[in-house]
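Quick note on labels: first sequence line is chain A, next is B, and so on, each numbered from 1.
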There are 2 protein chains.
Amino acid sequence: MTTTAQPGSPEGKTLRPELAGAPRPMRGDAARNRARVLDAARAAFAEDGAEVQMEQIAKRAGVGVGTLYRNFPTKQALIAELADRWMDERVEIVDQALEMPDPAEAFGWFVRRTAEDMAGDAGLCHLFSGVSGGTCPFPDLLVARTEEVLARARAVGAIRSDVSVADFQAILGGLSAAIAQTEKWELFAEMLITGLRAPAQPCP
Amino acid sequence: MTTTAQPGSPEGKTLRPELAGAPRPMRGDAARNRARVLDAARAAFAEDGAEVQMEQIAKRAGVGVGTLYRNFPTKQALIAELADRWMDERVEIVDQALEMPDPAEAFGWFVRRTAEDMAGDAGLCHLFSGVSGGTCPFPDLLVARTEEVLARARAVGAIRSDVSVADFQAILGGLSAAIAQTEKWELFAEMLITGLRAPAQPCP
DNA sequence: TTTGAAGTGGAAGTCGAATTCCGCTTCCGG
DNA sequence: CCGGAAGCGGAATTCGACTTCCACTTCAAA
């Protein structure tokens, strides 16, 4: 489970590791706080993008900054944790697409769904457009699954054959940037799906 | 002339305005330095995006930061000046498009040309995707001319009728973000042109 | 050539955000 | 109910940009 990196003892600190046993579970209230922080952070990023200040997040979570730093050594680390969760969700979405019988439909649904999600979450947008921003690369699993969706669509002639996963991800990055400017995600998604379709046969 | 805001006396400082006359032209070497700074800044932004530091720019221009600040009171101001020049160039491009007889072709050319320019200049990319970044709104002139290009294309049925200039600008923002990730501008441009085409008639 | 206004470099100051520190509070096993 | 380890808040510190300042050059008009 990627999501709850329960930091009982942040780094192998226990002296005499032969006595280590279980790292002693986090205290109840502490765990609760950690969760609150994560939620607050997610909400904050979703609303205001990546430039929210640690203090804002702390306030929103109803804790002091100290507590933030107890759980995440760095702002980067906090963001990384959120990114992890986002990625997990993305994988779920892709998997749903993979379960749909019609590849073309699946591809379309996936794009629309992604666009919609982006429109509701500035943090997610940053994640996509900001691969350049050094946030984090997409995890291999996600890339692999996405490739499957593309491959299936390609096989049915639903999309051009010269679009690699990397290209597609760059395109999603573009999509997120566009959505960040105007929330017309439906238009953009449609545009993208059409634009990716195999070059228009000249109507024989 | 927008581009050379010759700052002889930055703010109306001359006492006895009745004697003001010409604000006394900038000293030769100073003008040369100003130009160098502008060039260096443009190059720096083009290479490294908007996060270059003032000191970098100064070094690249071969001057001290002091000189930067003599010419531009603020980093923002420097960026704004560059943005102005970029905008002027953009207007020229749009005008070229407007001179082309075939509206559909003109639109396509404009998109491709824009994509190509973006690919060569990270600064330009930031300008487009970063309207969100608060850099500056597009000047009315540019918007108006762009609207013309769109209108003409729309009239010939080359693009969907439900895309406003604002939408189109957001789309260009997206394009720039995509290009910032992979330099495949040709693919992206093609995709965009196709995607914007009026909904595929089902081949009558 | 002289002279002083204009221009220069870059060390020092400022400022906002991230991160650390530590005395006080809260859990929870015995 | 107690003791003390685990957590907590938030003031104080650090850090990394941007911006200011000023003694020192350089230009160019007379």
Side-chain angles (χ1 to χ4, degrees), chain A residues 6-11 13-15 19-38 40-41 44-45 48-82 134, chain B residues 6-11 13-16 19-38 40-41 44-45 48-81 133-135:
Chain A
Q6 196 194 46
S9 49
E11 222 48 77
K13 259 299 185 44
T14 20
L15 313 186
L19 302 181
R24 176 176 318 208
M26 203 182 224
R27 225 168 74 178
D29 56 340
R32 216 169 306 128
N33 271 341
R34 182 185 166 87
R36 279 162 146 225
V37 166
L38 237 15
F45 283 123
D48 310 326
E51 67 288 347
V52 268
Q53 289 150 233
M54 290 303 258
E55 203 177 325
Q56 294 300 311
I57 299 178
K59 193 168 300 175
R60 196 187 264 256
V63 304
V65 277
T67 301
L68 251 63
Y69 282 93
R70 159 166 306 278
N71 285 287
F72 307 94
T74 269
K75 190 181 188 181
Q76 271 312 311
L78 172 55
I79 294 181
E81 175 75 36
L82 283 177
Chain B
Q6 195 195 47
S9 48
E11 223 49 77
K13 258 301 185 41
T14 20
L15 314 187
R16 309 237 213 142
L19 302 180
R24 178 175 315 208
M26 201 182 224
R27 224 167 75 180
D29 57 338
R32 215 169 307 128
N33 272 340
R34 182 185 166 87
R36 277 163 147 225
V37 165
L38 236 14
F45 282 123
D48 311 325
E51 66 288 349
V52 269
Q53 289 150 233
M54 290 303 258
E55 205 176 322
Q56 294 300 312
I57 299 179
K59 193 168 301 173
R60 194 187 265 256
V63 304
V65 277
T67 301
L68 251 63
Y69 282 92
R70 156 165 307 277
N71 285 287
F72 307 95
T74 270
K75 190 181 187 182
Q76 271 312 313
L78 173 55
I79 294 181
E81 175 75 34
T135 320

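With rounding to whole Å, B/Asn71 atom CG is found 9 Å from C/dG7 atom P. Between the CD atom of B/Glu51 and the P atom of D/dC18 there is a distance of 10 Å, rounded to whole Å. Here C/dG7 presents its P atom at 14 Å from CZ of B/Phe72, a figure rounded to the nearest Å. In this structure, B/Arg32 places its CZ atom 8 Å from P of D/dA28, rounding to the nearest Å. Taking atom CZ on A/Arg34 and atom P on D/dA6, their separation rounds to 17 Å, with Å as the unit. In this structure, B/Leu78 places its CG atom 11 Å from P of D/dC18, rounding to the nearest Å. Rounded to whole Å, atom P of D/dG7 lies 15 Å from atom CG of A/Leu68. For B/Arg27 and C/dT8, the CZ to P distance is 7 Å, given to the nearest whole Å.
Here salt bridge (charged side-chain N to carboxylate O under 4.0 Å, His left out) pairs that include residues 57-68 of chain B, with residues two or more places apart or in two chains, are B/Glu47-B/Arg60.
Taking every side-chain heavy atom of A/Asp29 into account, C/dT26 is the closest of D/dC18, C/dT19, C/dT26. Nearest to the side-chain atoms of B/Lys75 among the listed nucleotides D/dT19, C/dA18, C/dG7 stands D/dT19.
To the nearest 0.5 Å, atoms OH (A/Tyr69) and NZ (A/Lys75) are separated by 8.0 Å. Atom OG1 of B/Thr67 and atom CD1 of B/Ile57 lie 13.0 Å apart (nearest 0.5 Å).
A heavy-atom distance below 4.5 Å is found between the side chains of B/Asp29 and B/Arg32.
Between B/Asn33 and C/dT8, a side-chain N or O to OP1/OP2 separation shorter than 4.0 Å is present. Contact check, A/Tyr69 against C/dT20: no side-chain N or O comes under 4.0 Å of OP1 or OP2. Phosphate contact (OP1/OP2 of D/dT19, side-chain N/O of B/Thr74, threshold under 4.0 Å): present.
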Test side-chain contact (heavy atoms from CB on, under 4.5 Å) applied to B/Met26 and B/Asn71, step by step: CA-CA 11 Å; B/Met26 201 182 224; B/Asn71 285 287; 3.6 Å; yes
Between the protein and nucleotides 10-12 of chain D, which nitrogen or oxygen pairs come in under 3.5 angstrom?
unit_1	atom_1	unit_2	atom_2	d
D/dG10	N7	A/Gly66	N	3.3
D/dG10	O6	A/Gly66	N	3.4

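A/Leu82 and A/Leu38 get closest at one heavy-atom pair: CD2-O, 3.9 Å.
Residues passing the side chain to side chain contact (heavy atoms under 4.5 Å, CB included) test with A/Ala77, sequence neighbours excluded: A/Phe72, A/Pro73, A/Thr74.
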